[in-house]
Asks: 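One structure follows; several queries about it will come next.
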Amino acid sequence: MSTTAAESALLGQTETFAHEVVRVLAPRWERERRIGREAVLQAAALGLTRLEVPEAWGGLAMSFGCKARVAEILGAADFAFTMSLINTQNVATKLARSAPQELARHYVPGLIEGRLLGCTALTEPGAGSDFAAIGTRATRTAQGWRLDGAKAWITNASEADVVLLYAQTEPGSGGRGIAGFVIDAHREGFVREPAFQLAGQHAIGTGGFRLEGYLARDEEMLQPPGQAFKAALGSINGARTYIAAMSCGMTAEALRIASEYGERRHSFGGPLAGHQGWRWRLAEASSELAACRMMVAHAAALIDAGADAQLASAQAKLLSTRMAERQLHVLAQAMGAEGLREEHPFGRHLIGARVASFVDGSTEMLLERISAVMRKPG
Ligand SMILES: Cc1cc2nc3c(=O)[nH]c(=O)nc-3n(C[C@H](O)[C@H](O)[C@H](O)COP(=O)(O)OP(=O)(O)OC[C@H]3O[C@@H](n4cnc5c(N)ncnc54)[C@H](O)[C@@H]3O)c2cc1C
């Protein structure tokens, strides 16, 4: 990826922030089962909540390739923090690019300053992979739209202030009837549920909420029926690519720690890295990581060029998440008992890689997408 001087400077600052702040605080966030709000404010001060936001809104308008690199660097320190931060960045970008001025003015400054958190809500208790089957209902009223239904498994839902939410306007019409709304989480009719208690990755702030007679004004319908379904799927290539980049970041960090440990720790008269069986495992991890990074860079370059990135992003995510799950196990094993210490990221990253295999298209949905592109005539 060719980077501008501004992007290189930002990437350098992101490296320092990831290493000195995120890596250090992540075990505490997991222990306390909460989003790393204090680091979100620091990330915002660096500009990481406005990477793609247009300059007219105080954004950095950086390339997608730069965003993917930021995702890899932060993901190496903590997958959960990165998920939370990127989701807020995505909401700020969407609102700045396409919301009516007054609505954008209401939310964008708070989001890019890290004071507000944003989330994007497709998934429901009864519909995950099958997005067209969502049941949250949007009913026309004299003043706008009345929303009723429930969302689940949403990043940042435990604390989000503003939600980009998808709802069905015409039951039975599938994707055609789905519309996108901007929801204020502090308005009447929004009922937040407690954060989900999971096997790990609590700094994602995963949770759910209900809409009980929530009233959205006309201008709060961001994407009308007919456009919303396509728009939601349109942004998924980017999401798949940055999740792949985060998977590479987690693997790279585990490889770095194991490589250093292998020179320090001795067994049978020499360092671990002196044993062929031990060091070959790391050589394999390094080679697979290099291949996945190339796939991520290829997908990011297509996105930046405005070209079709469906196949490249699905393939990059498929292989990078598989690589991360497999190699994180191998690298944790290479550490022996030491890898279990809380200050090392192996346990957190293993759950992070598990989450990466579901979000923004599960492994099976990626295989479906790749098959569909392969079977397309011509
Ligand atoms: C930590 C976390 C954060 C998340 N953040 C968000 C968010 O911010 N916004 C949001 O909208 N969603 C979010 N999600 C939800 C995520 O997008 C879903 O988990 C994902 O879409 C899969 O849906 P599901 O878990 O309901 O699985 P299901 O759809 O119930 O599927 C279960 C399993 O069956 C497989 N499967 C389903 N259908 C088929 C088929 N036709 N053929 C073969 N296999 C199939 C799936 O791949 C999966 O392995 C998040 C999830 C997690 C875990």
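We use all heavy atoms of the structure for the numbers below, so side chains are in, but hydrogens, waters and symmetry mates are not. Order of listing sets the numbers, starting from 1, for every ligand and every atom in it.
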Asks: Between the candidates Glu124, Glu364, Gln201, which shows the shortest non-hydrogen contact distance to atom 44 (N) of ligand 1?
Replies: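 Nearest heavy atom to atom 44 (N) of ligand 1 lies in Glu364.
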Asks: Which of the numbered atoms in ligand 1 are below 4.0 angstrom from a heavy atom of Leu122?
Replies: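 Taking each heavy atom of Leu122 in turn, ligand 1 has 10 (C), 11 (O) under 4.0 Å.
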Asks: Does CD belonging to Gln197 count more than 12 external heavy atoms closer than 6.0 Å?
Replies: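 Correct, the count exceeds 12.
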Asks: Identify which of Thr120, Asn87, Thr123 has a heavy atom lying nearest to atom 9 (N) of ligand 1.
Replies: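 Heavy atom nearest to atom 9 (N) of ligand 1 belongs to Thr120.
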Asks: Say whether Met365 and ligand 1 are in contact under the criterion: heavy-atom distance to a ligand atom below 4.0 Å.
Replies: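 Checking ligand 1 against Met365, which is what was asked, there is a heavy-atom contact under 4.0 Å.
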Asks: Before signing off on this row, confirm whether Thr206 and ligand 1 have an N or O atom pair separated by under 3.5 Å.
Replies: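 Between Thr206 and ligand 1, no N or O pair is found under 3.5 Å apart.
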Asks: Closest non-hydrogen protein atom to atom 31 (O) of ligand 1, residue and atom name please, with distance?
Replies: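 Heavy-atom neighbour on the protein nearest atom 31 (O) of ligand 1: Ser129 OG, 3.7 Å.
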Asks: Would you tell me whether Thr206 and Gln201 have side-chain atoms, one donor and one acceptor, within less than 3.5 Å of each other?
Replies: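 Result is no, nothing qualifies.
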Asks: Tell me, which protein residue and heavy-atom name are nearest atom 14 (N) of ligand 1, and how many Å apart are they?
Replies: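 Going by distance alone, atom 14 (N) of ligand 1 is nearest to Trp153 O, 2.8 Å.
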Asks: Can you confirm whether some protein heavy atom lies under 4.0 Å from atom 39 (C) of ligand 1, or whether none does?
Replies: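 Neighbour list for atom 39 (C) of ligand 1 includes protein heavy atoms (cut-off 4.0 Å).
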Asks: What about Trp145 and Tyr214, are their ring centers closer than 6.0 Å?
Replies: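 No, the ring of Trp145 stays outside the 6.0 Å limit from the ring of Tyr214, centre to centre.
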Asks: Salt-bridge test for Glu284 and Arg281: reply yes if a basic N is under 4.0 Å from a carboxylate O, no otherwise.
Replies: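 A salt bridge is absent here (no side-chain N lies under 4.0 Å from a carboxylate O).
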Asks: Which residue owns the protein heavy atom closest to atom 25 (O) of ligand 1, what's the atom, and how far is it?
Replies: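 In this structure, atom 25 (O) of ligand 1 has Phe358 CD2, 4.7 Å as its nearest protein heavy atom.
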Asks: Would you mind finding which of Cys119, Ala239, Ala157, Gly128 brings a heavy atom closest to atom 21 (O) of ligand 1?
Replies: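 Comparing heavy atoms across Cys119, Ala239, Ala157, Gly128, the nearest one to atom 21 (O) of ligand 1 lies in Gly128.
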Asks: Can you tell me if Ser259 and Glu263 form a side-chain donor-acceptor pair at under 3.5 Å?
Replies: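 No pair is found: no donor N or O on one side chain lies under 3.5 Å from an acceptor on the other.
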Asks: Looking at atom 52 (C) of ligand 1, what's its closest protein heavy atom, distance included?
Replies: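 Checking every protein heavy atom, the shortest distance to atom 52 (C) of ligand 1 gives Val359 CG1, 3.7 Å.
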Asks: Out of all atoms in ligand 1, which are within 4.0 Å of some heavy atom of Ser362? Include the element for each.
Replies: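 The list of qualifying atoms is 46 (C), 47 (O).
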Asks: Determine whether more than 12 heavy atoms belonging to other residues, nucleotides or ligands lie under 6.0 Å from atom CD of Glu102.
Replies: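 For Glu102, atom CD is not crowded (no more than 12 foreign heavy atoms under 6.0 Å).
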Asks: What do the steps show when you test Phe17 against Leu48 for side-chain contact (heavy atoms from CB on, under 4.5 Å), and what is the final call?
Replies: CA-CA 11 Å; Phe17 169 66; Leu48 302 179; 4.0 Å; yes
Asks: Between Glu253 and His349, do the side chains contain a donor N or O and an acceptor N or O under 3.5 Å apart?
Replies: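 Absent: no donor and acceptor within the cut-off.
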Asks: Please state which option from Thr155, Ile204, Ile236 has its nearest heavy atom closest to atom 7 (C) of ligand 1.
Replies: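 Ranked by closest heavy atom to atom 7 (C) of ligand 1, first place is Thr155.
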Asks: Sequence neighbours left out, what pairs pass salt bridge (Lys or Arg N to Asp or Glu O under 4.0 Å) with at least one residue falling in residues 352-367?
Replies: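 Passing the test, one end in residues 352-367: Glu325-Arg354.
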